[in-house]
Amino acid sequence: MLDDNLAQKIKDSKYRLTSQREAILEVMVANRGKHLSAEEVLQKARDEHPLIGMATVYRTLDILASMDILHKSMFDDKFRYELCDNDRHQHHHIICLSCGAIAEVQEDLLHILEEHLEKKGFRVLDHDLKLYAYCPECCQRQKNLAR
Ligand SMILES: [Zn+2]
Ligand SMILES: [Zn+2]
Ligand SMILES: [Zn+2]
């Protein structure tokens with residue numbers, strides 16, 4: 001089921017939600033907090049709609065991103081999609097250079113920079129910050145190997 005906020009956003013747009021497109025949105029809702037590639041969305045959507053095609057998935061994901069329902073971001077040369085945080089700045093991502101795991105940093109922590117820019121007359125709407133690191137598990141593994 002779609003929550004009211006999402007249903008309203010779609011109602012306000014001129015976009016018609018066909019059952020295949022709805023299946024794609026439901027995959028994203030069911031995987032809230034995950035960062036899915038179009039291929040992964042296709043796989044999951046096919047559980048319900050075996051005939052769904054890649055082109056439909058790509059198109060639907062991009063339309064939902066343009067409506068600010070999904071956040072689209074490039075990870076490791078591949079676009080990944082996730083459900084947007086409602087009316088909040090995008091959380092940051094920290095990507096492990098060893099295993100590729102994507103973790104989220106929920107704290108904004110950019111207020112000093114945002115305030116600084118607003119004083120200069122900018123109105124900051126959002127940001128898309130990626131940090132590259134070794135995750136705790138990979139650090140531990142490297143330590144164990146070194147012994
Ligand atoms: Zn912010
Ligand atoms: Zn790792
Ligand atoms: Zn995220």
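Ligands are counted one by one from 1 in listed order, and the atoms in each one are counted from 1 as well.
Atom OE2 is the N/O/S atom of Glu104 found closest to the Zn ion (ligand 3). Of all the N, O or S atoms in Asp108, the one closest to the Zn ion (ligand 1) is OD2.
A salt bridge is absent between Lys34 and Glu40: the closest approach of a Lys/Arg side-chain nitrogen to an acidic carboxylate oxygen does not fall below 4.0 angstrom.
Distance check for Cys139 against the Zn ion (ligand 2): none of its N/O/S atoms falls below 2.8 Å. Taking 2.8 Å as the criterion, His89 counts as a coordinating residue of the Zn ion (ligand 1), since one of its N, O or S atoms falls below it.
One finds an angle of 90° at the Zn ion (ligand 1) between OE2 on Glu114 and NE2 on His127, to the nearest 10 degrees. To the nearest 10 degrees, the angle centred on the Zn ion (ligand 2) between SG in Cys99 and SG in Cys138 reads 110°. Rounded to 10 degrees, the NE2-metal-OE1 angle spanning His35 and Glu82 at the Zn ion (ligand 3) equals 100°.
Tyr81 does not carry Lys72 over the face of its six-membered ring by the limits of under 6.0 Å from the centre and within 45° of the normal.
Considering Asn31, Leu36, Leu25 in turn, Leu36 is the only one that fulfils the side chain to side chain contact (heavy atoms under 4.5 Å, CB included) rule with Val41.
A ring-centre distance under 6.0 Å is found for His92 and His127. Ring-centre distance between Phe75 and His93: below the 6.0 Å cut-off.
Scanning all heavy atoms of the two residues, the minimum distance from Met28 to Leu61 falls at SD-CD2, 4.3 Å.
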